[in-house]
Enquirer: 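Before I ask anything, let me first share the structure, which is written out below as structure tokens.
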Amino acid sequence: MRITDIISRDQMSLSFEVFPPKKETSYESVKTATEEIAELKPAFMSVTYGAGGGTSEYTLSIAKNLKDKYNVPMLAHLTCVSSDKDTISKKIKDLKDNGITNIMALRGDLTPELEKSDRSRWDYHHAVELIRELKDKGDFCIGAACYPEVHPESSCQRDDIKYLKEKVDAGVDFLTTQMIFDNNLFFNFMYKIREAGINVPVLPGIMPITNGNQVERAIKLSGAFMPQRFKAMVDKFGSNPAAMKQAGIAYATDQIIDLYANGITNVHVYSMNKPDIAKGIYDNLSDILWKSF
Ligand code: FAD
């Protein structure tokens, strides 16, 4: 099932992102965790892809297992910057052969090694090149990333939105945002991209922060703005794991309800492979999910 068909339904829904194992030894525990999340019957699940090749080999097997065993629609991430054309062609073929038709087309982060290497030798420089290739290679439903707080390499939001439009015009069917902790930033961004003529659906990405130690890493990875009420929550409860977990689930739930109340029907949750947190959010929304209002 295409992600665009799922998210166009007039019902409140959630989707979850999971990540594949880093090593073979953790494969079984990741498989179990992702299966427990699939048991919640989310609208769809996405599986990330390691930019440097580390975890990329397991993306397909985790996605295929969830699709075959739980019938959950799957979105496989694919990054291009550290790959050559042959590798990407093979990955696209493998996804297609295994019935994965939803692909999140990404550039991937620039590792220090890549930064030092000769760019003229790279087969891919930006996600738009991968999007064009996917468009040529089959009937994929294509997702791409967007950044309400501007991608860290962009000098200004105007350029970032200009390149985002280029990706959408190349064939993107929907966008998912970098994690946001302040919904106003999302609504502001929506206004700007609609003004720029970007009209595809946009899924807000919500990361439940349920552990005080996660905060620093989340900021480092995303550069996301932390509102004062979020910081106050972490200051107050960050040193008590049970309290922080409850508060973090409540904060994410509150953000999701606000998004639903303001016209968004599907929210993408960065589950961090934690079924208890996914379930906590699901339970909080039990009289809202799969309903239309
Ligand atoms: P691009 O769209 O190529 O943009 C990167 C930068 O280049 C931006 O500053 C943009 O403005 C600029 N740009 C774009 N096109 C052009 C152009 N034609 N000319 C000049 N400049 C241009 N990383 C992973 O490794 N694996 C994952 O599974 C993964 N999943 C993600 C999911 C989501 C929802 C998000 C938001 C990010 C994800 N990432 C993942 C991180 C992502 O790979 C990084 O943010 C990466 O730095 C940029 O990827 P992109 O696809 O947005 O790149």
Side-chain angles (χ1 to χ4, degrees), residues 3 7 15-22 44-60 62-63 74-83 88 91 95 100 102-115 119 122-134 142-180 185-186 189 192-193 196 198 200-207 217-218 220-224 266-273:
I3 301 296
I7 59 183
S15 47
F16 289 107
E17 178 180 289
V18 295
F19 52 81
K22 291 196 172 55
F44 71 92
M45 289 172 72
S46 67
V47 188
T48 64
Y49 184 92
T55 60
S56 58
E57 61 190 287
Y58 299 117
T59 301
L60 175 58
I62 292 286
M74 294 307 304
L75 168 66
H77 293 206
L78 181 62
T79 69
C80 58
V81 74
S82 57
S83 287
I88 291 293
K91 292 279 176 192
L95 289 165
I100 308 280
N102 300 298
I103 301 186
M104 186 74 179
L106 300 144
R107 184 196 68 178
D109 277 323
L110 301 180
T111 58
E113 296 77 51
L114 266 175
E115 293 263 27
R119 284 179 190 232
W122 298 1
D123 280 357
Y124 299 91
H125 298 82
H126 292 289
V128 68
E129 295 155 85
L130 175 59
I131 292 159
R132 291 193 182 114
E133 197 166 330
L134 284 167
I142 306 173
C146 64
Y147 304 84
E149 299 180 64
V150 185
H151 186 269
E153 287 164 39
S154 287
S155 53
C156 64
Q157 190 165 47
R158 202 190 48 202
D159 282 357
D160 212 27
I161 291 179
K162 180 178 87 181
Y163 291 126
L164 183 62
K165 178 142 176 25
E166 189 184 28
K167 288 201 286 195
V168 172
D169 291 347
V172 165
D173 296 294
F174 69 96
L175 296 164
T176 306
T177 75
Q178 180 62 284
M179 63 185 81
I180 41 156
L185 295 166
F186 172 77
F189 175 70
K192 288 178 184 164
I193 64 168
I198 298 173
V200 293
V202 184
L203 307 184
I206 297 295
M207 162 86 93
R217 187 172 147 74
K220 196 168 161 237
L221 281 178
S222 66
N266 188 86
V267 177
H268 197 53
V269 177
Y270 296 113
S271 80
M272 304 299 289
N273 291 3

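Remember, it's 1-based here, ligands and their atoms both numbered in the order they're listed. Here the structure is a predicted model, which is why all the values come from computation and not from measurement.
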Enquirer: Under 3.5 Å between any N/O of Y147 and any N/O of ligand 1: does that happen in this structure?
Expert: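 Yes, there is a polar N/O contact under 3.5 Å.
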Enquirer: Taking 4.0 Å as the limit for heavy-atom contacts, which would you say applies to E166 with ligand 1: side chain only, backbone only, both, or neither?
Expert: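 For E166, only side-chain atoms sit under 4.0 Å from ligand 1.
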Enquirer: Answer yes or no for D109: is there a heavy-atom contact with ligand 1 below 4.0 Å?
Expert: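 Yes, that is the case, since the closest heavy atom of the residue is under 4.0 Å from the ligand.
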Enquirer: Which ligand 1 atoms are under 4.0 Å away from a heavy-atom of Y49?
Expert: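 Near Y49, meaning under 4.0 Å from one of its heavy atoms, ligand 1 has 24 (C), 25 (O), 26 (N), 27 (C), 28 (O).
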Enquirer: Is T48 touching ligand 1 with its side chain, its backbone, both, or neither, if touching means heavy atoms under 4.0 Å apart?
Expert: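 The answer is both.
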Enquirer: Suppose we call two aromatic rings close when their centres sit under 6.0 Å apart. Are H268 and F16 close by that rule?
Expert: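 Ring-ring flag for H268/F16: false, centres at least 6.0 Å apart.
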Enquirer: Short N/O distance, under 3.5 Å, between H77 and ligand 1?
Expert: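 Min N/O separation from ligand 1 is below 3.5 Å for H77.
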Enquirer: Report the part of M104 (side chain from C-beta onward, or backbone N, CA, C, O) that has a heavy atom under 4.0 Å from ligand 1; answer both or neither where that applies.
Expert: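 Looking at M104 and ligand 1, just side chain atoms fall under 4.0 Å.
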Enquirer: Could you tell me whether the side chain of F189 reaches within less than 4.5 Å of the side chain of E149, counting heavy atoms only?
Expert: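 When only atoms from C-beta onward are counted, F189 and E149 do not touch, as no gap falls below 4.5 Å.
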Enquirer: Quick check: do R107 and T79 have side-chain heavy atoms less than 4.5 Å from each other?
Expert: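 The answer is no, as the side chains (C-beta and beyond) never meet within the 4.5 Å cut-off.
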Enquirer: Heavy-atom distances under 4.0 Å are what count here, so tell me which part of H126 touches ligand 1: side chain, backbone, both or neither.
Expert: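 It is both backbone and side chain that touch ligand 1.
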Enquirer: Quiz question: by atom type and distance under 3.5 Å, do the side chains of D123 and S83 form a donor-acceptor pair?
Expert: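 Result is no, nothing qualifies.
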Enquirer: Heavy-atom contacts under 4.0 Å between H151 and ligand 1: side chain, backbone, both, or neither?
Expert: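 Side chain only.
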Enquirer: Hey, is Y270 one of the residues with a heavy atom under 4.0 angstrom from ligand 1?
Expert: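 The answer is yes: ligand 1 sits under 4.0 Å from a heavy atom of Y270.
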Enquirer: From atom 9 (O) of ligand 1, work out which of G50, P20, C80, S154 has a heavy atom at the shortest distance.
Expert: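 Of the listed residues, S154 has the closest heavy atom.
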Enquirer: Rounded to the nearest 0.5 Å, what separation is found between the CE atom of M179 and the CD atom of E17?
Expert: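 Rounded to the nearest 0.5 Å, the CE-CD separation comes out at 8.5 Å.
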Enquirer: Under 4.0 Å from any heavy atom of T79, which atoms of ligand 1 are there?
Expert: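 Those atoms are 24 (C), 25 (O), 26 (N).
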Enquirer: With heavy atoms of Q178 as the reference, note each atom of ligand 1 found under 4.0 Å away.
Expert: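 Close to Q178: 36 (C).
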Enquirer: If you define the side chain from C-beta out and look only at heavy atoms, does anything of F44 sit under 4.5 Å from N102?
Expert: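 The answer is no, as the side chains (C-beta and beyond) never meet within the 4.5 Å cut-off.
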Enquirer: Got L175 and L164 here, is their nearest side-chain heavy-atom distance under 4.5 Å?
Expert: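 Yes, at least one pair of side-chain atoms sits under 4.5 Å.
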Enquirer: Touching ligand 1 at all, G108? Heavy atoms, strictly under 4.0 Å?
Expert: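 A heavy atom of G108 does come that close to ligand 1.
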Enquirer: How many angstroms lie between CE in M74 and OG in S46, if you round to the nearest 0.5 Å?
Expert: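 Between atom CE of M74 and atom OG of S46 there are 7.0 Å.
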Enquirer: Assess the side chains of Y124 and E133: does a donor N or O sit below 3.5 Å from an acceptor N or O?
Expert: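 Yes.
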Enquirer: I'd like to check L130 versus I88 (side-chain heavy atoms, cut-off strictly below 4.5 Å). Are they in contact?
Expert: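 Yes, their side chains come closer than 4.5 Å.
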Enquirer: Any non-hydrogen atom of F19 lying under 4.0 Å from ligand 1?
Expert: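 No.
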Enquirer: Does some side-chain heavy atom of R119 sit less than 4.5 Å from a side-chain heavy atom of L110?
Expert: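 A side-chain contact under 4.5 Å exists here.
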Enquirer: In terms of atom number and element, which parts of ligand 1 are under 4.0 angstrom from non-hydrogen atoms of D160?
Expert: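 Within the 4.0 Å cut-off of D160, ligand 1 contributes 8 (C), 9 (O), 10 (C), 11 (O).
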Enquirer: So if I count the atoms of ligand 1 from 1 in the order they appear, which ones are less than 4.0 Å from some heavy atom of L106?
Expert: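 What qualifies from ligand 1 is 27 (C), 28 (O), 29 (C), 30 (N), 31 (C), 38 (C), 51 (O).
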Enquirer: Mark up the atoms of ligand 1 that fall under 4.0 Å of a heavy atom belonging to T176, in ascending order.
Expert: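 Taking each heavy atom of T176 in turn, ligand 1 has 34 (C) under 4.0 Å.
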